[in-house]
Protein chains: 2
Amino acid sequence: MTRGRPIAFSPDEAANAAMQVFWSRGYESASTRDLLAAMSLSRSSLYQAFGNKEQLFLEALRRYRESLVGRLGRRLEASPSAVDFLASLFRETAQEAGSDRAALGCLIFNSASELGQQDGLPSQHARQSIAAITALFQQAVERAQAEGDIDPDRDAAALASYLTMGMAGLRILLKSGSDTHQAGQAVELLLDGLRR
Amino acid sequence: MTRGRPIAFSPDEAANAAMQVFWSRGYESASTRDLLAAMSLSRSSLYQAFGNKEQLFLEALRRYRESLVGRLGRRLEASPSAVDFLASLFRETAQEAGSDRAALGCLIFNSASELGQQDGLPSQHARQSIAAITALFQQAVERAQAEGDIDPDRDAAALASYLTMGMAGLRILLKSGSDTHQAGQAVELLLDGLRR
DNA sequence: CCATTTAAGGATCGATCGTTCCAAAAATGG
DNA sequence: CCATTTTTGGAACGATCGATCCTTAAATGG
């Protein structure tokens with residue numbers, strides 16, 4: 001069956017460790033030394049198992065996106081009210097203000113900001129990940145409209161863009177040291193605009 | 001009076017050129033080679049005139065902030081309506097969608113996202129620059145309240161945070177390839193929340 | 001026109017970057 | 001137990017990083 005020496009690390013755990021490094025340091029600033037240390041494997045193993053730094057980042061971003069969208073999707077499904085789901089999501093994020101978690105930001109928005117409109121897969125995948133977040137917000141808005149909490153005549157796609165803009169901006173506020181009061185106030189105003 | 005050979009470059013133009021490099025490439029990714037090429041001076045002259053890369057960045061960020069805040073402050077003063085100033089500012093920014101200008105983003109928000117809560121002056125100055133933008137928005141909101149366009153009972157500081165969050169998010173939308181339609185819709189919803 | 005002072009050019013520094021490569025180690029199948 | 005296969009550890013690669021330093025060029029004051 002399997003010939004030769006078996007690998008001594010968990011590819012899954014290694015990829016998650018790499019994700020953490022990219023999350024806290026950014027794509028370019030994360031050195032292979034940082035990655036190797038956090039992943040607890042040797043240089044050869046990294047390149048053998050993940051190709052190179054770019055491919056490792058794509059894998060990390062993919063995991064982050066699927067984890068985030070999956071988690072939020074399940075939470076939306078489990079929530080009795082789509083508008084409550086959105087409100088609690090934004091309020092809980094604002095409550096992170098001042099924490100280490102808040103300083104990290106969101107890997108997707110971090111990457112979109114760092115990579116902008118560059119050529120290449122990392123930038124492209126970051127942009128697609130933002131589109132995935134917007135799509136999830138649109139699902140929530142449409143459900144809230146069906147539930148009578150948002151006027152069905154309002155444009156769900158526009159509201160979704162508004163929410164993505166809000167979350168991206170909130171992440172920047174938190175990264176720039178906004179406190180829970182300031183972030184909370186901004187989020188309440190954002191949510192007022194949602195329910196109108 | 002002035003002894004020795006005079007400098008052959010304009011420190012002002014050189015600093016502006018450096019600002020452009022940091023703006024398009026980011027703080028860490030901007031190499032001294034990039035900076036030297038754009039500033040059209042020699043290595044010695046850069047270190048002689050600006051100290052080092054960090055100090056040059058601080059100077060570039062200071063210029064950007066003062067230019068931006070100064071320009072917006074004058075535009076606010078010249079505007080007959082503070083709420084119109086805010087609306088046109090956000091609308092014009094959304095209209096940049098798809099352009100090279102939109103891909104650049106804003107040096108202040110870019111730097112805040114890149115540097116986060118790091119120790120050191122660059123991060124600190126980026127955060128202070130965001131505070132300066134919020135202060136300008138608060139001025140505009142307070143004037144709009146005095147002009148009867150915004151309910152004076154509403155919290156001007158909270159609205160200012162809301163606007164900073166909105167602008168930061170808008171910059172991310174534009175960086176991630178949002179088109180003028182999508183960005184425009186999000187901005188209109190943001191402005192609805194302002195005037196309520 | 002010479003001595004002095006400062007800028008400009010560029011070689012060079014040690015450190016670090018991402019990546020490759022090779023030999024040693026550790027597993028398997030027969 | 002040996003041949004084979006694959007992983008592992010780490011040396012080494014060329015490129016680039018920010019920064020320093022020394023020589024040369026170009027200005028001024030006397």
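Naming convention: chains lettered A, B, ... in sequence-line order (proteins, then strands); numbering from 1 in each chain. It should be emphasised that the depicted structure is a prediction, and the values quoted were computed from it without experimental measurement.
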Contacts of B:Gln182 meeting side-chain hydrogen bond (donor to acceptor under 3.5 Å, both in side chains) (sequence neighbours excluded), chain-then-number -> A:Ser161, B:Ser178

Does atom CZ of A:Arg101 have more than 12 heavy-atom neighbours, drawn from other residues, nucleotides or ligands, at distances under 6.0 Å?
yes

Donor + acceptor pair across side chains of B:Glu142, B:Gln138 (<3.5 Å) | yes

So, B:Ser79 versus B:Arg75: side-chain donor-acceptor pair below 3.5 Å or not?
no

Under a 4.0 Å heavy-atom cutoff, the residues of residues 9-35 of chain B touching DNA chain C are B:Phe9

When rounded to whole Å, the CG to P distance for the pair B:Leu36 and C:dA11 reads 14 Å

Within residues 47-57 of chain B, those residues having any heavy atom closer than 4.0 Å to DNA chain D are B:Tyr47, B:Asn52, B:Lys53

A:Leu46 atom CG is separated from D:dG10 atom C1', nearest whole Å, by 14 Å

The correct set of residues in residues 116-127 of chain B placing a heavy atom under 4.0 Å from DNA chain C is none

Taken in chain and number order and not counting sequence neighbours, the residues that satisfy side-chain hydrogen bond (donor to acceptor under 3.5 Å, both in side chains) with B:Arg43 are B:Thr32

To the nearest angstrom, the CD1-C1' distance between B:Ile7 and D:dT28 comes to 16 Å

Sorted by chain and number, sequence neighbours left out, side-chain hydrogen bond (donor to acceptor under 3.5 Å, both in side chains) with B:Glu66 holds for B:Arg62

Contacts of A:Asp155 meeting salt bridge (Lys or Arg N to Asp or Glu O under 4.0 Å) (sequence neighbours excluded), chain-then-number -> none

Within less than 4.0 Å of OP1 or OP2 of C:dA8, is there a side-chain N or O belonging to B:Ser42? no

For residues 31-57 of chain A, the ring pair (Phe, Tyr, Trp, His ring centres under 6.0 Å) pairs (sequence neighbours left out) are A:Phe22-A:Phe57, A:Tyr27-A:Phe57

Query - B:Tyr162 (side chain) donor-acceptor with B:Leu190 (main chain) under 3.5 angstrom - result: yes

(message) At less than 3.5 Å, do the side-chain atoms of B:Arg43 and the base atoms of D:dA19 form a donor-acceptor pair?
(response) yes

So ring pair (Phe, Tyr, Trp, His ring centres under 6.0 Å) across residues 71-123 of chain A, not counting sequence neighbours, yields A:Phe90-A:Phe137

By side-chain hydrogen bond (donor to acceptor under 3.5 Å, both in side chains), B:Thr93 pairs with (sequence neighbours left out) none

Readout for nucleotides 22-27 of chain C: B = base within 4.0 Å of protein heavy atom, S = sugar-phosphate only, - = neither; 5' to 3' it is ---BBB

| Do B:Arg127 and A:Ser176 meet the criterion of a side-chain donor-acceptor pair at a distance under 3.5 Å? | no

Salt bridge (Lys or Arg N to Asp or Glu O under 4.0 Å) pairs touching residues 12-36 of chain A, sequence neighbours excluded, are A:Asp12-A:Arg63, A:Arg25-A:Asp34

